[in-house]
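Heads up: the structure comes next, in structure tokens.
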Amino acid sequence: MAERSAEENILMVKEKLAESERVAILTGAGISAESGVPTFRGKDGLWRQYRATDLATPEAFARDSRLVWEFYNWRRELLAPLQPNAAHHALVDMERRIPRFTLITQNIDGLHRSAGSRNILELHGNIWWVRCTKCGAVSEDRRVPFPQSPACDSCGALLRPNVVWFGESLDPRILDEAYAAVHSCQVMLIIGTSALVQPAASMGVLARRQGAFVAEINLDPTSYSGAYHLSILGKAGDIVPRL
């Protein structure tokens, strides 16, 4: 049997979506990269002489919170002028058409929210939200530049970025909602993710085991590409609007 073309795969995904009432989407760094968001891997992973992975930890924050906030302020300044791209907007349109639509993202840049996505689960948090290290209060704060020692409005204690750092667990409530969507969906799209970070990386396989049609959209094949029904190679901004 001849391998399907990209056009045929796009048509198949479009037909599956049209037939479905329950859809889950998983997005990763690839969709944000098309808006200009750095991936923080390779040469993009350095800030001053530090690696991003060395500063995004609770230990680094406990050791030097001002330095970590300087790093996150730099990231916020990079993100502030960036806008959602065609793929972000296409997912908003898709959400309006599908009765039970869940968008699961590994990205912390807030671009899905800026585009207008509503039912969104941010697995790794959101860089534009802050959390008190004492009382746990969470709030949105889009100030740029951001204070290096920000204080909680409620109790005066130090604030931290409301993101999941290396060595921390994901929010169990958000993770439970994500798994519920993955278990119940009829179609799942995996968009712009390298499939390296668990537990998100294996969600597509889990959805397929539950009977869902699973398709991947990515610039390059991943280690999970062969486990899905199909994989479409290309930019999310070119492909997702056509679905």
Working to the nearest 0.5 angstrom, can you tell me the gap between [X] [atom1] and [Y] [atom2]?
{"X": "Ile25", "Y": "Leu103", "atom1": "CD1", "atom2": "CG", "value": "7.0 Å"}
{"X": "Ile104", "Y": "Leu123", "atom1": "CD1", "atom2": "CG", "value": "6.5 Å"}
{"X": "Leu67", "Y": "Tyr50", "atom1": "CG", "atom2": "OH", "value": "4.5 Å"}
{"X": "Met188", "Y": "Arg22", "atom1": "CE", "atom2": "CZ", "value": "14.0 Å"}
{"X": "Cys185", "Y": "Leu26", "atom1": "SG", "atom2": "CG", "value": "11.0 Å"}

Residue pair [X] / [Y]: nearest heavy atoms and the distance that separates them:
{"X": "Asn218", "Y": "Gly192", "answer": "OD1-CA, 3.2 Å"}
{"X": "Thr53", "Y": "Thr57", "answer": "O-CG2, 3.5 Å"}
{"X": "Tyr72", "Y": "Ala56", "answer": "OH-CB, 3.5 Å"}
{"X": "Gly28", "Y": "Gln106", "answer": "CA-OE1, 3.8 Å"}
{"X": "Leu170", "Y": "Pro199", "answer": "CD1-CD, 3.7 Å"}
{"X": "Val187", "Y": "Ser20", "answer": "CG2-OG, 3.1 Å"}

Please list all pairs meeting salt bridge (charged side-chain N to carboxylate O under 4.0 Å, His left out) that have one or both residues in [range], counting only residues at least two apart or in different chains.
{"range": "residues 128-140", "value": "Glu140-Arg142"}
{"range": "residues 206-227", "value": "none"}
{"range": "residues 148-176", "value": "Arg160-Glu168, Arg173-Glu177"}

Next on the checklist: Show every ring pair (Phe, Tyr, Trp, His ring centres under 6.0 Å) that has at least one partner inside residues 208-243, sequence neighbours left out.
Outcome noted: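 For residues 208-243, and leaving out neighbouring residues, the ring pair (Phe, Tyr, Trp, His ring centres under 6.0 Å) pairs sorted by first residue read Phe213-His229.
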Checklist entry - For residues 117-157, which residue pairs qualify under ring pair (Phe, Tyr, Trp, His ring centres under 6.0 Å), counting only residues two or more places apart or in two chains? => result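 Residue pairs with at least one partner in residues 117-157: Trp69-Phe146.
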Listed by chain and number, what are the salt bridge (charged side-chain N to carboxylate O under 4.0 Å, His left out) partners of [X], not counting sequence neighbours?
{"X": "Glu21", "value": "none"}
{"X": "Arg143", "value": "Asp141"}
{"X": "Arg113", "value": "Glu122"}
{"X": "Asp54", "value": "Arg51"}

Looking at [X] and [Y], would you say the former's side chain and the latter's main chain have a donor-acceptor pair under 3.5 Å?
{"X": "Ser32", "Y": "Ala29", "result": "no"}
{"X": "Gln198", "Y": "Ser202", "result": "yes"}
{"X": "Ser35", "Y": "Val37", "result": "no"}

Show me the donor-acceptor pairs, under 3.5 Å and distance only, between side chains in residues 92-102 and residues at least two apart or in other chains.
| residue | atom | partner | partner atom | Å |
| --- | --- | --- | --- | --- |
| Asp93 | OD1 | Arg96 | NH1 | 2.7 |
| Glu95 | OE1 | Arg118 | N | 3.0 |
| Glu95 | OE2 | Arg118 | N | 3.4 |
| Glu95 | OE2 | Asn119 | N | 2.8 |
| Thr102 | OG1 | Asn119 | ND2 | 3.4 |

Check the hydrophobic clustering (I, L, V, M, F, W, Y; side-chain heavy atoms under 4.5 Å; chains of links allowed) and say if [X] and [Y] are grouped together.
{"X": "Val205", "Y": "Ile191", "result": "no"}
{"X": "Val164", "Y": "Ile120", "result": "no"}
{"X": "Val138", "Y": "Ile174", "result": "no"}
{"X": "Tyr179", "Y": "Val214", "result": "yes"}
{"X": "Trp74", "Y": "Leu159", "result": "yes"}

How about [X] and [Y]: do any of their side-chain heavy atoms sit closer than 4.5 Å?
{"X": "Ser117", "Y": "His88", "result": "no"}
{"X": "Asn162", "Y": "Asn126", "result": "no"}
{"X": "Leu91", "Y": "Thr27", "result": "yes"}
{"X": "Pro150", "Y": "Leu158", "result": "yes"}
{"X": "Cys132", "Y": "Ser154", "result": "no"}
{"X": "Ser114", "Y": "Gln83", "result": "no"}

Considering only distance and modelled atom types, tabulate donor-acceptor pairs under 3.5 Å from the side chains of residues 8-16, sequence neighbours left out.
| residue | atom | partner | partner atom | Å |
| --- | --- | --- | --- | --- |
| Glu8 | OE1 | Ser5 | N | 2.8 |
| Glu8 | OE1 | Ser5 | OG | 3.4 |
| Asn9 | OD1 | Arg4 | NE | 2.8 |

Please tabulate, one pair per line, all N/O donor-acceptor pairs under 3.5 Å involving side-chain atoms of residues 232-243, not counting sequence neighbours.
| residue | atom | partner | partner atom | Å |
| --- | --- | --- | --- | --- |
| Arg242 | NH1 | Glu7 | OE2 | 3.4 |
| Arg242 | NH2 | Glu7 | OE1 | 2.5 |
| Arg242 | NH2 | Glu7 | OE2 | 2.9 |

Next on the checklist: Run the side chain to side chain contact (heavy atoms under 4.5 Å, CB included) test on Ile31 and Thr105 for me, step by step, so that the C-alpha distance in whole Å, both residues' side-chain angles and the decisive distance to 0.1 Å come before the verdict.
Outcome noted: CA-CA 10 Å; Ile31 193 171; Thr105 187; 5.8 Å; no
